[in-house]
Amino acid sequence: MSRHIRIRRKLAGMSTSSAAIFVMTFTMIGAGMVQMTRVLHQHAKRSADKDQATLLAESGCTELYQQIRNQMRIDGNYVFDIPSTNAVAHVEGRDVTLGSYTARVLDVETTTVDQGTSSRQYTYTFSVEGRGTTATGISSIVTAKFNGTMSRALVEESSTSGGSSDPKAFGFPVGAIVANQKLDIETDMGFRTTAANGLDAHVVANKGITWNPHSGSKTGVTQPNVLDIQGQWLVPNGVPYTNTVGETGMGNPNGGKNYRNPAAPAMGSFPGGDPNSVLWMPGEVGFADESTVDSWAADWKTYSKGASSHTYSGGLKATDIPTDPITSRLVIRAPAYIDGDLLVNGGLEVNLMPFNTDPKKNVIYVKGNIENKGLLQNLGCTVVFEGEYSDQNGSEYRLSNLNSPFNTTDKVSQRSALISLAKSKEAFHFTTDSSSRTGLIYAAKGGIDVTGSNAEFTGMLLAGGGPGYGDINIHPEGGNSFVVHYDPAAGEPGELETVSAGDITYVTGGINSAFMPSDLYGWVWKK
């Protein structure tokens, strides 16, 4: 007690200045302790948030793994990514958002071994990435791998001319340019098709081919290569052939020829043909009729509204598309249904992103027109629209494997298509001057107009419309050139992995043994 009194007396005897210094010192030490405690709490919370972000990223990888495993067991296909998904916890009777995660397939290595002509074994190595973000904005990125095997039956392939015999199966004639009606060309500077082997870039027209110069008359044109293709000019025998080789077709009243092409090699019963000549066919190439196209359209619309579908009411403008969290680009993910027009605004790039290896799940259906004033990139989707397609000088439609799950442009081309259902003479009207890999361009009920100057497409140009609708008109502005580089991959509705035995070709069929995956392994915490 005395000690306590002595202390009190000592404090009582302090000068005012000494007391002030004591109080100030204590206050400073106390404030420092409070600040240190606050910093420790902040570090602890940030560490906890980081752990939570990592768990979210791991959850993305795990969910993607499960989706791939399940679908591979059903049909041998798999999804490419999981869009942003909220993780919610139920706490004391209410839902609390912990954050969100996304996941994607980074790479798939595939090897195959054939067991004769009965089955094919596949071995896959998947690399996946998960991204997690907490409600406070802390993020993490993790990657992992897993392996898997399965086998599929090999079945004998049966093919028919002009597409599939199954009315529900998507089929079409194959060539660089194919018109169900007339092909009309107006150019001074050149019309070209090319092929890798110099032989296969055929030009086909069921009602014949006509050419006129843009300026002047035919008689003043003497150069032999205004029309120069690396394939065959093919029209049906009879009136279409007579008109095509005559003066009102590709012929010239001055007696000269202004078209060139290589000799047609003899193949089987086909006797071949001379160079720089028009070959006649015994009949017309077969396009799907309108009822068959309608059945395709019904299927495509159903696919576009399937599981994981994105629906856009009242049409869609590029300016209204949010930035994709995975690619940081403007993305429309298949399957998708756009109830109206699709507008790509000038100066903007829109990417059409596939969802799955199954082409039926990569359909983007547009109820109206497509107006392209910018850059429309197809990464592997079937794009179907009921209206017309139009563009402008400087705009571009093209295929790309950038950010696509298909790692080559050939694979993208095998899975991409731009299809108009419009019964219109101008189902497609190209005024672009771009040089692009376009893949399959198909006016299923209509025609195609090309007026762009010096444009070059790599793909196939098909017009399947009936009388009055199915012409292809190539009228480049100023009489300039137009080129189609024939893309064989554009003629494949999907990647056909075949094996031959003599004259018989086998393609992959049903699943023999179900997909058996390993656990996730090789985890790497990247961020």
Side-chain angles (χ1 to χ4, degrees), residues 46-89 97-113 121-152 307-308 324-329 331 333-334 351 353-358 361-362 379-380 401-408 411 511 513-527:
R46 182 174 179 84
S47 178
D49 281 353
K50 185 63 177 175
D51 289 343
Q52 185 170 305
T54 301
L55 287 173
L56 288 167
E58 292 171 353
S59 297
C61 288
T62 302
E63 182 174 331
L64 182 57
Y65 163 82
Q66 291 172 345
Q67 288 193 21
I68 292 172
R69 178 193 62 188
N70 294 340
Q71 192 178 351
M72 285 287 285
R73 287 175 173 172
I74 294 170
D75 58 14
N77 292 294
Y78 56 86
V79 298
F80 301 126
D81 57 46
I82 296 173
S84 183
T85 303
N86 288 334
V88 179
T97 300
L98 303 176
S100 63
Y101 58 81
T102 63
R104 60 173 175 161
V105 175
L106 293 177
D107 188 36
V108 183
E109 296 179 5
T110 308
T111 59
T112 62
V113 176
Q121 179 168 312
Y122 295 79
T123 301
Y124 302 90
T125 300
F126 287 88
S127 298
V128 297
E129 175 191 84
R131 294 173 178 245
T133 305
T134 67
T136 58
I138 304 300
S139 63
S140 288
I141 301 174
V142 301
T143 61
K145 294 184 177 183
F146 67 96
N147 305 321
T149 59
M150 66 176 292
S151 66
R152 303 188 70 141
S308 304
D324 184 73
I326 296 177
T327 64
S328 299
R329 295 170 179 265
V331 172
R333 291 182 177 272
N351 293 267
M353 179 71 76
F355 169 73
N356 200 290
T357 49
D358 184 355
K361 297 183 179 180
N362 294 329
L379 310 184
N401 64 334
L402 180 65
N403 290 317
S404 171
F406 305 122
N407 56 9
T408 69
K411 289 183 178 180
I511 296 173
S513 62
F515 182 65
M516 296 295 294
S518 69
D519 292 332
L520 286 163
Y521 68 90
W523 291 90
V524 176
W525 290 263
K526 299 179 68 176
K527 176 183 175 183

When every non-hydrogen atom of Ser100 is compared with those of Asn86, the smallest separation belongs to CB-OD1, 3.7 Å
So the salt bridge (charged side-chain N to carboxylate O under 4.0 Å, His left out) pairs with at least one residue in residues 68-89 (sequence neighbours excluded) are Asp81-Arg333
Does any non-hydrogen side-chain atom of Met353 lie less than 4.5 Å from one of Pro405? yes
Would you call the rings of Phe515 and Phe126 parallel, tilted or perpendicular, where under 30° means parallel and over 60° means perpendicular? perpendicular
Only counting residues at least two apart or in another chain, list the ones meeting side chain to side chain donor-acceptor pair (under 3.5 Å) with Asn401. none
Applying side chain to side chain contact (heavy atoms under 4.5 Å, CB included), run through Val128 and Tyr65 and close with a yes or a no. CA-CA 8 Å; Val128 297; Tyr65 163 82; 6.0 Å; no
Sorted by chain and number, sequence neighbours left out, ring-ring contact (aromatic ring centres under 6.0 Å, His included) with Phe80 holds for Tyr78, Phe406
Report yes if the side chains of Thr143 and Leu106 come closer than 4.5 Å at any heavy-atom pair, otherwise no. yes
In terms of heavy-atom contacts, Gln52 and Leu98 come closest through NE2-O, 2.7 Å
Heavy-atom closest pair, residues Ala103 and Cys61: CB-N, 4.1 Å
Would you say Ser140 and Lys50 are linked by a side-chain donor-acceptor pair, where the criterion is simply a distance under 3.5 Å? yes
Heavy-atom pair with the smallest gap, counting every atom of Pro517 and Phe146: CB-CD1, 4.2 Å
Given side chain to side chain contact (heavy atoms under 4.5 Å, CB included), test Leu64 with Val105 step by step and report yes or no. CA-CA 8 Å; Leu64 182 57; Val105 175; 4.1 Å; yes
Rounded distance (nearest 0.5 Å) linking atom CE of Met72 with atom CG of Asn77: 8.0 Å
Minimum-distance pair of heavy atoms, taken over all atoms of Ala53 and Ile138: CB-O, 3.5 Å
Have Ser139 and Lys527 got a donor and an acceptor in their side chains that come within less than 3.5 Å? yes
So, taking the atom named CD in Gln121 and the one named OG1 in Thr111, what distance separates them when rounded to the nearest 0.5 Å? 8.0 Å
As a test of understanding, state which of Leu55, Thr133, Leu56 forms a side-chain contact (heavy atoms from CB on, under 4.5 Å) with Tyr101. Leu56
Test Thr136 against Asp49 for side-chain hydrogen bond (donor to acceptor under 3.5 Å, both in side chains), laying out the working first. CA-CA 8 Å; Thr136 58; Asp49 281 353; 2.9 Å; yes
For the side chain of Asn362 and the backbone of Phe355, is there at least one donor-acceptor N/O pair under 3.5 Å apart? yes
Compare every heavy atom of Ser404 with every heavy atom of Leu379, then report the nearest pair and how far apart it is. O-OG, 2.7 Å
If only side-chain N and O atoms count, and only distance matters, is there a donor-acceptor pair under 3.5 Å linking Asn356 with Gln71? yes
